[in-house]
Amino acid sequence: MSADIRRLVEGQVSADTQLGGMLAVFDGQPAFFYQKAPHDDTPGWGTPKYPRLDFNVDMRHDPERKTEGTMTFNIVCSRECPDIGGQDPDRAIEARLMELVSGTFYTGSDRATVCAEWERSDEFFIGGSQGQDTLPEIYGLTVTFELMEFPEQITIDPDPVQGLNEWTKRHFGKMTAIGYDEMPPIWKPTDENPAIYWRFEGTASTNRQSYAVTWFTGTFAAHVLAESVTERNKWTKAIIQRAQVDGEIILPDTSPMFINRITIRHNADPLREGQLGLTGQYGVLAQPPKEPAQIKLIHPYHNLAEKEEQKNG
């Protein structure tokens with residue numbers, strides 16, 4: 001997955017002419033590198049040799065979301081770098097990088113989708129002195145983005161997550177269902193085309209059993225993602241209202257999942273937790289039961305007098 005992210009980010013940043021125009025040139029291309037920039041003495045550098053940009057991707061294991069990680073960009077400037085649009089060059093590059101990367105979804109060849117979200121920016125200084133009127137020899141920013149994976153939630157029939165995705169697409173066609181729709185390699189949700197991700201949090205069997213069906217209670221979280229908080233809340237409220245009106249979700253095997261409870265968590269992290277919680281009850285068909293064995297009576301008793309009375313009566 002990290003190789004796919006690296007390839008997609010390299011292509012996205014390299015293709016941005018606005019960001020490329022802020023960087024120095026190396027071998028005729030903007031000075032953007034994976035992990036480490038070439039040494040200043042390496043042939044190929046133009047003049048000036050700064051600002052330059054490098055990045056790295058680190059993935060780590062998360063038991064709930066499969067994998068997540070961080071992506072870091074180092075913006076390296078020198079004191080000879082001029083201002084860009086009235087801003088310090090490192091801050092101008094940071095601003096454009098945020099526009100490009102933060103909130104962007106990257107989908108690899110394995111259909112795994114990862115979202116990058118800005119986490120923090122840290123200044124660094126190398127050599128010289130940092131005074132009011134003097135810049136150090138080398139300075140810049142390390143910009144860190146958190147990576148959150150959105151794996152496919154496909155299970156076996158009856159699949160409640162697939163049913164929730166199909167129900168959402170039927171009533172909210174403008175929403176992109178992550179893990180269900182075919183995702184572009186690089187994409188950002190907007191207010192007009194938001195995204196939703198249904199996540200299976202857990203299930204438990206109930207004491208409601210029947211001859212043909214075993215009933216389960218499932219809990220699900222929905223991550224609603226839009227450009228603005230206002231529109232995100234509007235979409236969340238619309239989903240809640242529709243679910244309340246319907247009262248059930250038809251699953252892929254045409255069986256119903258009855259909606260027992262819906263909650264909205266406006267203060268929840270849309271990427272990590274999800275703002276909408278849903279509890280539903282769905283049934284799993286039992287295997288066809290075998291015919292019960294016929295028990296032989298060892299000492300059968302017949303009331304012949306009663307039979308005779310029934311016959312004569």
Side-chain angles (χ1 to χ4, degrees), residues 1 5 8-9 12 59-60 62-71 97-108 111-121 143-153 160-162 164-169 171-181 183-202 218-244 249 259 261-280:
M1 184 65 207
I5 296 175
L8 292 170
V9 171
Q12 178 193 26
M59 304 300 290
R60 61 179 179 269
D62 182 284
E64 182 184 5
R65 302 294 289 278
K66 189 178 177 183
T67 58
E68 59 177 4
T70 56
M71 182 163 57
L97 198 60
M98 294 274 289
E99 292 176 3
L100 283 176
V101 177
S102 189
T104 298
F105 285 82
Y106 301 94
T107 302
R111 288 179 56 87
T113 298
V114 171
C115 180
E117 188 72 9
W118 177 80
E119 184 177 357
R120 58 185 294 173
S121 296
V143 185
T144 304
F145 295 88
E146 182 184 23
L147 298 176
M148 177 63 67
E149 185 163 10
F150 291 78
E152 290 183 314
Q153 297 276 303
V161 173
Q162 288 293 89
L164 286 164
N165 282 323
E166 291 175 3
W167 174 86
T168 304
K169 295 297 293 185
H171 296 295
F172 305 95
K174 291 184 178 181
M175 299 194 84
T176 296
I178 300 171
Y180 177 80
D181 286 331
M183 296 283 291
I186 301 173
W187 179 76
K188 267 190 178 185
T190 63
D191 288 342
E192 294 75 25
N193 179 207
I196 188 169
Y197 178 67
W198 285 101
R199 180 168 53 86
F200 198 2
E201 290 188 317
T219 56
F220 310 89
H223 304 247
V224 182
L225 305 160
E227 197 170 2
S228 68
V229 175
T230 302
E231 290 301 315
R232 189 171 66 205
N233 291 342
K234 286 181 181 178
W235 284 100
T236 303
K237 189 170 184 293
I239 293 168
I240 288 289
Q241 287 182 341
R242 186 73 219 189
Q244 290 276 31
I249 305 293
I259 299 173
R261 186 167 181 257
I262 306 175
T263 58
I264 297 181
R265 308 174 290 226
H266 283 308
N267 61 341
D269 186 333
L271 292 175
R272 184 175 292 277
E273 301 167 287
Q275 315 95 303
L276 193 156
L278 185 145
T279 302

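Listed for the Ser102 side chain is a donor-acceptor partner under 3.5 Å among the backbone atoms of Trp118. Of the possible donor and acceptor atoms, none in the side chain of Glu149 sits under 3.5 Å from a partner among the backbone N and O of Ala112. Here the side chain of Glu273 pairs a donor or acceptor atom with the backbone of Asp269 at under 3.5 angstrom. No donor-acceptor distance shorter than 3.5 angstrom exists from the side chain of Asn233 to the backbone of His266, with no hydrogens or angles considered. Side chain of Tyr180 to main chain of Tyr197: no donor-acceptor pair is present (N/O by atom type, distance under 3.5 Å, no hydrogens or angles). When atom types are taken as modelled, the side chain of Gln153 and the backbone of Phe200 share a donor-acceptor pair closer than 3.5 angstrom. In terms of modelled atom types and a separation under 3.5 Å, the side chain of Gln12 and the main chain of Val101 share no donor-acceptor contact.
With sequence neighbours excluded, the residues satisfying side chain to side chain contact (heavy atoms under 4.5 Å, CB included) with Arg242 are Trp167, His171, Phe172, Asp246.
Between Met71 and the choices Val143, Val114, Val9, Thr144, the side-chain contact (heavy atoms from CB on, under 4.5 Å) rule is met once, by Val9. For the side-chain contact (heavy atoms from CB on, under 4.5 Å) with Phe220, the qualifying choice from Ile249, Leu278, Thr279, Leu276 is Leu278, the only one to do so.
Residues Lys174 and Trp235 meet the side-chain proximity criterion, which asks for heavy atoms closer than 4.5 Å.
Considering CZ of Phe145 and CZ of Arg120, their distance stands at 13.5 Å, rounded to 0.5 Å. Between Gln241 atom CD and Ile262 atom CD1 the span is 10.5 Å, to the nearest 0.5 Å. The structure places CD of Gln162 at 8.0 Å from CD of Glu152, a figure rounded to the nearest 0.5 Å. Between the CD1 atom in Ile239 and the CD1 atom in Ile196 there is a gap of 3.5 Å [rounded to 0.5 Å]. We find the CZ-CG distance between Phe105 and Leu225 to be 4.5 Å, quoted to the nearest 0.5 Å. In this structure, CD on Glu117 lies 5.0 Å from CG on Leu271, to the nearest 0.5 angstrom.
Contact between Gly103 and Pro189 at its shortest, heavy atoms only, is O-CD, 3.8 Å. The nearest pair of heavy atoms linking Ala268 to Gly274 is CB-O, 3.5 Å. For the residue pair Thr168 and Met175, the shortest heavy atom distance occurs at CG2-SD, 4.2 Å. The minimum heavy-atom distance between Thr104 and Lys188, with the atom names listed, is OG1-CE, 3.0 Å. The two residues Glu119 and Thr70 come nearest to each other via the heavy atoms OE1-CG2, 4.3 Å. Pro270 and His223 get closest at one heavy-atom pair: O-ND1, 2.7 Å.
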Could you go through the side-chain contact (heavy atoms from CB on, under 4.5 Å) check for Thr190 and Glu231 one step at a time? CA-CA 9 Å; Thr190 63; Glu231 290 301 315; over 6 Å; no
After noting the C-alpha distance and the side-chain angles of Glu68 and Met59, does the key distance pass the side-chain contact (heavy atoms from CB on, under 4.5 Å) rule? CA-CA 6 Å; Glu68 59 177 4; Met59 304 300 290; 5.9 Å; no
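Side chains of Thr107 and Thr113: a donor on one and an acceptor on the other come within 3.5 Å.
In this structure, Lys169 pairs ionically with Asp181, as a charged nitrogen and a carboxylate oxygen lie closer than 4.0 Å.
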